[in-house]
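Because the structure is a prediction, the values reported are computed rather than measured. We name chains A, B, ... by the order of the sequence lines, and we start the count at 1 in each one.
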2 protein chains.
Amino acid sequence: MARIKTDNNLTRKEVIVTKAATLFREKGFKAASMRDLAEAVGVEAASLYNHIKSKTELLHELCFSVANRFLHKIDEVELEKNSSVEKIEKLLRFHINEMIHHYEEVYVSDREWKHLSDPYLSNFQNQRRIYRKRFAAIIEIGIKNKEIKSIDAATAVLIMLHAISGIESWHRSIKKISAEELEENMISILVGGLVNR
Amino acid sequence: MARIKTDNNLTRKEVIVTKAATLFREKGFKAASMRDLAEAVGVEAASLYNHIKSKTELLHELCFSVANRFLHKIDEVELEKNSSVEKIEKLLRFHINEMIHHYEEVYVSDREWKHLSDPYLSNFQNQRRIYRKRFAAIIEIGIKNKEIKSIDAATAVLIMLHAISGIESWHRSIKKISAEELEENMISILVGGLVNR
DNA sequence: ATAACATACTAACGTGTGTTAGCGATAAAA
DNA sequence: TTTTATCGCTAACACACGTTAGTATGTTAT
């Protein structure tokens with residue numbers, strides 16, 4: 001009888017969620033079927049329901065675990081006694097590293113949250129809105145300090161976050177530069193685009 | 001008997017494709033059903049097939065019409081006798097305006113092309129790969145000229161293109177800055193991040 | 001060894017999907 | 001006006017989907 005392997009002291013549910021992330025990224029949430037997922041896990045579709053409540057629950061878990069990581073980070077960064085530019089750089093580096101090392105989850109959370117259903121959907125959208133506002137607030141302080149050039153902060157946030165989601169293409173490309181190079185290049189372009197000179 | 005309205009000298013097929021773009025953006029290709037589309041058009045689902053061959057055909061048309069516009073533009077820009085930075089700025093402004101004024105199509109082409117099926121899929125991927133190479137080549141010339149700081153060109157392209165796709169958030173936001181402001185802000189940040197100083 | 005539990009299986013359900021066939025209605029051409 | 005082509009309708013198809021019920025197998029604790 002087939003059994004879900006649980007190496008690295010992961011629960012069976014965690015194994016399923018992880019495989020789901022990969023599948024949702026590859027095919028999209030709607031196009032990825034529970035039968036696909038079952039096959040990836042090495043089990044029959046119905047068996048998954050011994051561990052999870054529904055397909056959407058998988059999406060909840062992915063979206064909110066990612067969102068929480070970012071919220072915790074911005075909590076941390078806001079408390080530091082750094083310049084705005086330093087804070088922004090720290091946030092950007094965190095985003096970049098999340099996108100490099102937790103690619104599947106972050107990508108899914110970014111692109112597939114539309115398929116959440118209320119109340120999770122509104123909740124998630126709220127968290128995102130708030131996160132962006134806090135990010136924008138940091139930028140606005142930098143603008144007042146003349147650290148940062150006079151631009152629309154919301155637009156700047158939008159550029160930063162979406163630019164980083166482009167790491168998707170880096171993952172898919174054949175001949176990649178190293179992760180470190182990628183990080184430095186991105187920081188150079190993004191921070192370089194903000195600062196006053 | 002219901003009939004598809006064809007104002008502005010559009011064919012009935014064009015009306016369907018346009019509505020499909022909106023629907024695919026809102027729900028995603030997979031989640032948008034032909035019955036949804038039929039309702040949006042004001043007709044029964046089966047009637048759509050008097051005008052189109054299949055659901056995927058709608059996606060083909062959207063993806064390739066967008067891709068062709070960008071390819072034509074880069075053809076044009078490459079021939080001009082401008083500096084690299086000027087060429088890049090021209091391309092970026094084109095991207096931004098496409099994203100502002102042909103939002104639905106461009107967004108769908110960007111996010112839903114995965115659901116194309118071969119041979120369209122490989123074809124589309126190829127066109128994208130080539131487009132990015134040509135964009136990167138312009139940047140590389142700029143780097144050699146010292147117009148542009150020494151960065152990985154492929155990474156720069158990836159940042160630029162994805163940053164622009166963030167205009168999606170601008171469309172969805174409630175209190176928007178004007179389209180002109182948006183364009184200038186984006187150019188300022190993106191070009192500012194590239195140039196040597 | 002036995003009881004209790006966790007996990008996987010088979011079978012099937014209701015629903016929604018893209019699409020086709022065939023027939024009436026309408027508009028365009030003769 | 002008659003003919004012809006265009007367009008929309010109803011009905012139905014085969015299929016894939018998420019999920020449930022009930023049962024068998026394997027694992028852990030007593």
message: Looking at A:K27, I want to see if its NZ is surrounded by more than 12 non-hydrogen atoms of other residues, nucleotides or ligands under 6.0 Å.
response: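 Open: at most 12 neighbouring heavy atoms sit under 6.0 Å from NZ of A:K27.
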[X] [atom1] to [N] [atom2], straight-line distance once rounded to whole Å:
{"X": "A:M34", "N": "C:dA8", "atom1": "CE", "atom2": "P", "result": "13 Å"}
{"X": "A:R12", "N": "D:dG26", "atom1": "CZ", "atom2": "P", "result": "14 Å"}
{"X": "B:E14", "N": "D:dC7", "atom1": "CD", "atom2": "P", "result": "13 Å"}
{"X": "A:L48", "N": "D:dT19", "atom1": "CG", "atom2": "P", "result": "10 Å"}
{"X": "B:L59", "N": "C:dG18", "atom1": "CG", "atom2": "P", "result": "13 Å"}
{"X": "B:Y49", "N": "D:dC9", "atom1": "OH", "atom2": "P", "result": "15 Å"}

field: Comparing A:N50 and A:F29 on DNA chain D - which has the more 5′ nearest nucleotide
entry: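 Going by which nucleotide is closer to the 5' end, it is A:F29.
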Looking at [options], which one has an atom nearest to any side-chain atom of [X]?
{"X": "B:A46", "options": "C:dT19, D:dG18, C:dT20", "value": "C:dT20"}
{"X": "A:K55", "options": "D:dT19, C:dA21, D:dG8", "value": "D:dT19"}
{"X": "A:V43", "options": "D:dC7, C:dA21, C:dC9", "value": "C:dC9"}
{"X": "B:S33", "options": "C:dA11, C:dG18, D:dG18", "value": "C:dG18"}

query: Which is true for B:A31 with a 4.0 Å heavy-atom rule: it touches a base, it touches only sugar-phosphate, or it touches nothing?
result: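 B:A31: no heavy atom of the nucleic acid under 4.0 Å.
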field: Aromatic contact, A:Y131 with A:H95 (centres under 6.0 Å)
entry: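 Distance test on ring centres: under 6.0 Å, yes.
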- prompt: Do B:F24 and B:Y107 have ring centres separated by under 6.0 Å?
  reply: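 No, ring centres 6.0 Å or more apart.
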- prompt: Hey, are A:K73 and A:E78 close enough for a salt bridge, meaning a charged N less than 4.0 Å from a carboxylate O?
  reply: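 Salt bridge flag = no for A:E78 with A:K73.
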task: Would you tell me if any nitrogen or oxygen in the side chain of A:H51 comes within less than 4.0 Å of OP1 or OP2 on C:dA8?
output: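 Checking A:H51 against C:dA8: at least one side-chain N or O falls below 4.0 Å of OP1 or OP2.
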message: Same cluster or not: B:F135 versus B:I187, using hydrophobic residues (I, L, V, M, F, W, Y) connected whenever any side-chain heavy atoms lie under 4.5 Å apart?
response: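 Looking at the clustering, B:I187 is in the same group as B:F135.
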message: Once hydrogens and angles are ignored, does a donor-acceptor distance under 3.5 Å link the base of C:dG18 to the side chain of B:R35?
response: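 When only heavy-atom distances are counted, B:R35 does reach the base of C:dG18 through a donor-acceptor pair under 3.5 Å.
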